[in-house]
Structure formats: structure tokens, C-alpha cells
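What follows is a set of notes on a single structure, which appears directly below.
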Number of protein chains: 2
Amino acid sequence: MSPTHTGVTAAPAALDPCGREEHPDCAIRDVLDRVGDKWSVLVVVELAGGPRRFRELQRAIDGISQRMLTLTVRRLERDGLVLRTVYPTVPAQVDYRLTETGASLTHLVRALADWSLTHRDAIAEARHRYDRAHPDHGIR
Amino acid sequence: MSPTHTGVTAAPAALDPCGREEHPDCAIRDVLDRVGDKWSVLVVVELAGGPRRFRELQRAIDGISQRMLTLTVRRLERDGLVLRTVYPTVPAQVDYRLTETGASLTHLVRALADWSLTHRDAIAEARHRYDRAHPDHGIR
DNA sequence: CTGTATCCGGAAAGATACTG
DNA sequence: CAGTATCTTTCCGGATACAG
């Protein structure tokens with residue numbers, strides 16, 4: 001029961017989000033680095049509704065720049081989450097759709113959204129309380 | 001069936017990860033901004049194993065700086081995911097533990113980890129294929 | 001021990017112009 | 001339409017010093 005949990009069963013092990021805890025590269029970090037950036041999830045969410053063309057994505061996502069959309073879909077393509085199809089028409093036409101792997105991500109996204117919806121009010125309250133208690137704290 | 005899905009039922013709506021699609025502030029983005037940063041998840045993961053003191057967290061997380069740990073736990077505290085308790089001993093002693101809300105996050109984290117474990121090989125392969133096909137592409 | 005306060009370098013993001 | 005190429009700005013994260 002020592003606070004430094006020297007006993008084998010004293011402290012429950014933390015979650016092991018990694019395949020092998022010996023391994024330094026954490027599995028969770030992998031997902032997060034892939035999905036945790038500003039735009040990837042929104043692209044996946046949009047593509048969950050079916051194939052979309054470049055401009056459709058850009059219009060749907062609101063606020064994303066051409067550059068960021070390009071980078072985002074490229075990364076998703078590279079990771080095998082999104083399939084990019086070019087039709088040799090003129091002007092060029094490209095569509096993006098989720099692969100099997102990418103589609104399996106929508107479950108996670110939905111779980112994320114559910115959690116967020118469930119707790120957003122509690123979180124907003126907590127923030128207000130904190131901000132009132134610590135007026136000039138520069139936390140973002 | 002037109003590619004621009006002008007029909008009402010032509011294209012399945014994308015996932016709605018937001019409470020009200022009218023609302024601009026997306027729920028998912030909220031979670032992601034909170035949880036998608038470099039360290040928050042690792043802190044939550046560690047705290048899932050029980051309360052930890054500042055130094056314990058820092059030692060456990062490996063690579064995190066004092067500054068980043070402070071910022072991370074402060075944000076988590078502000079959002080009501082982590083409870084910070086100060087014991088007026090000398091030297092000061094502080095412990096952090098998950099709140100109810102914070103604990104509920106561990107489910108998501110586990111889901112994230114599971115997904116990652118399941119697909120990491122496929123993703124690694126996809127990357128190698130992509131990188132072989134597009135040798136000098138500067139994608140990260 | 002548990003932080004706060006600065007400073008700084010580099011990566012990410014945004015804006016914009018241009019091309020096939 | 002679907003990008004690429006640049007340039008600029010912003011901000012995250014590390015290092016360090018110091019304080020309660």
C-alpha cells in the first residue's frame with residue numbers, strides 16, 4: 001500500500017495502450033498522431049457519407065485551406081485509410097473514399113462524438129468554474 | 001445518382017459528430033483538441049492506474065518536460081477530467097487522480113488502443129507501399 | 001518536491017498565386 | 001477542377017533558471 005506501489009498488487013497497472021509495454025513506440029500515439037490532427041477526423045467523417053471529390057470536401061469542411069486538405073488526404077491515403085481515384089477527364093476529376101480500414105475508423109469517431117456529446121456540458125461547466133476560481137490564469 | 005447528389009436521398013449524410021449540425025463548434029473537435037495533443041492521453045492512461053504525484057507522472061511518461069506536464073494536468077484539471085489535491089506538507093505534495101468524467105475517458109482510450117493494435121500492421125504496410133510508389137514525396 | 005517565468009527554435013497552419 | 005509552390009505567421013514544445 002505504499003504510495004510508491006512497490007508491491008506487485010498494490011497499484012493497479014495503468015492501462016496498457018501499447019502492444020508490448022516494453023516497446024517504446026506506443027500504439028495509442030500512433031492513432032493519435034494520425035487522427036488527432038486538426039482536420040483528419042473531419043475528412044473521415046465527411047467521407048463516411050460516401051465518396052467525395054476534392055472540392056466537395058473543401059466546401060463541406062469549412063475553414064480548411066486547399067493546402068491543408070491536400071496534406072490531410074495525402075496522409076490518409078498513405079496510411080491506407082482513404083482511396084484516391086483519378087479520372088482522366090478534363091478538367092481533372094478525383095474522388096476520395098474510405099477504404100475498409102478507414103471505414104472501421106468511423107466507429108471510433110462515433111464513439112468519440114458520443115463521449116463528447118455526453119460530457120460537453122460537464123466540461124463546459126468545469127471550465128467556467130475553474131476560470132472563475134482562477135481568474136487570470138493563462139491556460140488554454 | 002448524379003455525382004453531385006442533388007437528390008434528397010442520393011447521398012447518405014455524413015456522420016454527424018456534432019450535436020446540432022447547425023452549430024459551428026463541432027463536438028468532435030472539442031474532444032480532439034483536448035485529447036489529441038501530445039501528452040494528455042498518456043497522462044490519462046497513467047492515471048487510470050490510480051492516483052499519481054507530479055514526479056511519478058513525470059517519471060512514468062518518459063520524455064515529458066516539467067512545463068508540458070504542468071500545462072497538461074492544468075488543462076485536464078480545468079476541463080474537470082482530473083482532480084488535483086494539494087497536501088500542505090513541506091515540501092509540497094500534490095496528487096492527481098481521474099474524476100468520474102476523466103475515468104470514462106479510459107474506455108475511449110482503450111478503444112483507440114484496440115483499433116490501433118488491430119490495424120497497425122495494415123497501416124505500416126500501406127505506408128511502405130505508398131513510399132515505394134511515391135519515392136520522393138515529402139509527406140509526413 | 002512542485003511548480004512558475006522566460007526565452008527560443010522549428011514545425012504546423014494559413015494565405016495566396018500559379019499550373020496542368 | 002485539383003492541385004503545387006511559396007511566403008508568412010503562429011504556436012507548440014524544449015531548455016533553463018528560479019521560487020514557495
Side-chain angles (χ1 to χ4, degrees), chain A residues 2-4 29 32-43 46-47 51-78 82-97 130 134-140, chain B residues 2-5 29 32-43 46-47 51-78 82-97 134-140:
Chain A
S2 107
T4 48
R29 268 304 252 305
L32 254 24
D33 288 347
R34 179 168 311 110
V35 136
D37 72 278
K38 205 174 179 184
W39 303 110
S40 291
V41 174
L42 297 182
V43 170
E46 185 57 28
L47 290 182
R52 296 285 189 269
R53 300 175 52 176
F54 189 87
R55 290 289 296 173
E56 289 180 314
L57 282 175
Q58 190 175 10
R59 273 191 297 269
I61 289 181
D62 180 68
I64 195 170
S65 65
Q66 273 190 342
R67 178 184 133 85
M68 280 302 110
L69 182 53
T70 300
L71 288 178
T72 303
V73 292
R74 280 292 182 284
R75 277 191 282 249
L76 291 173
E77 187 197 2
R78 176 173 182 252
V82 157
L83 182 66
R84 177 173 176 268
T85 312
V86 182
Y87 301 96
T89 61
V90 43
Q93 180 172 335
V94 181
D95 76 26
Y96 298 89
R97 68 190 65 207
Y130 188 96
H134 311 262
D136 54 349
H137 237 288
I139 305 178
R140 274 278 52 245
Chain B
S2 106
T4 49
H5 60 282
R29 267 304 252 304
L32 253 23
D33 288 347
R34 178 171 312 109
V35 137
D37 72 280
K38 205 174 178 181
W39 304 110
S40 291
V41 174
L42 298 182
V43 170
E46 185 57 28
L47 291 181
R52 297 284 190 271
R53 298 176 53 179
F54 189 86
R55 290 288 298 173
E56 289 181 315
L57 282 175
Q58 191 175 8
R59 273 191 297 269
I61 288 182
D62 180 69
I64 194 171
S65 65
Q66 271 191 344
R67 179 181 130 86
M68 281 303 111
L69 182 53
T70 300
L71 287 178
T72 302
V73 292
R74 280 291 182 286
R75 279 192 281 248
L76 291 173
E77 187 198 2
R78 176 172 183 253
V82 157
L83 182 66
R84 177 173 178 267
T85 313
V86 182
Y87 300 97
T89 62
V90 44
Q93 181 173 334
V94 180
D95 77 24
Y96 298 90
R97 68 190 65 208
H134 311 262
D136 55 348
H137 235 286
I139 304 178
R140 291 264 48 245

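Here is how names work: the chains are called A, B, and so on, in the same order as the sequence lines, proteins then strands, and each is numbered from 1.
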[atom1] of [X] versus [atom2] of [N]: gap in Å, rounded?
X	N	atom1	atom2	answer
Tyr96(B)	dC1(C)	OH	P	14 Å
Arg75(B)	dC12(D)	CZ	P	7 Å
Gln58(B)	dG3(C)	CD	P	11 Å
Arg52(B)	dC1(C)	CZ	P	17 Å
Ile61(B)	dG13(D)	CD1	C1'	15 Å
Leu69(A)	dA2(D)	CG	C1'	10 Å
Asp37(B)	dG13(D)	CG	C1'	11 Å
Phe54(B)	dT4(C)	CZ	C1'	11 Å

Item to complete: Calculate, to the nearest 0.5 Å, the distance between atoms CG and CE belonging to Leu71(B) and Met68(B) respectively.
Response: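 CE of Met68(B) is found 4.5 Å from CG of Leu71(B).
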Below the 4.0 Å mark, does [N] have OP1 or OP2 next to a side-chain nitrogen or oxygen of [X]?
X	N	answer
Arg84(A)	dG3(D)	yes
Arg55(B)	dC1(C)	yes
Lys38(B)	dA11(C)	no

Under the side-chain contact (heavy atoms from CB on, under 4.5 Å) test, which residues partner Val90(B), sequence neighbours left out?
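side-chain contact (heavy atoms from CB on, under 4.5 Å) list for Val90(B), sorted by chain: empty.
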For Leu32(A), the side-chain contact (heavy atoms from CB on, under 4.5 Å) test, sequence neighbours excluded, returns Ile28(A), Val41(B), Leu112(B)
Per-helix bend value, the helix from dC1(C)-dG20(D) to dG20(C)-dC1(D), C1' rotation axes over five pairs per end, 10° rounding, shows 50°
Once base and sugar-phosphate atoms are separated, protein heavy atoms under 4.0 Å mark nucleotides 15-20 of chain C, 5' to 3', with B, S and - as B-B---
Residues Arg84(B), Tyr96(B); criterion side-chain contact (heavy atoms from CB on, under 4.5 Å); working and verdict: CA-CA 5 Å; Arg84(B) 177 173 178 267; Tyr96(B) 298 90; 3.4 Å; yes
Sorted by chain and number, sequence neighbours left out, side-chain hydrogen bond (donor to acceptor under 3.5 Å, both in side chains) with Arg97(B) holds for Asp95(B)
message: Using the side-chain hydrogen bond (donor to acceptor under 3.5 Å, both in side chains) criterion, which residues pair with Glu77(B)? Sequence neighbours excluded.
response: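 So Glu77(B) forms no side-chain hydrogen bond (donor to acceptor under 3.5 Å, both in side chains) with any residue.
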So, the side chain of Thr89(A) versus the backbone of Ala92(A): is there a donor-acceptor pair under 3.5 Å, distance only?
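Answer holds: no.
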With DNA chain C as reference, determine whether Trp39(A) or Thr70(B) sits nearer its 5' end, using the nearest nucleotide of each.
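Final value for this comparison: Thr70(B).
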Can you list everything that forms a salt bridge (Lys or Arg N to Asp or Glu O under 4.0 Å) with Arg34(A)? Sequence neighbours excluded, please.
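Only Asp79(A) meet the salt bridge (Lys or Arg N to Asp or Glu O under 4.0 Å) criterion with Arg34(A).
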Would you give me the side-chain donor-acceptor pairs under 3.5 Å for residues 57-64 of chain A, sequence neighbours excluded?
from     : atom 1 : to       : atom 2 : distance (Å)
Gln58(A) : OE1    : Arg55(A) : NH1    : 3.1

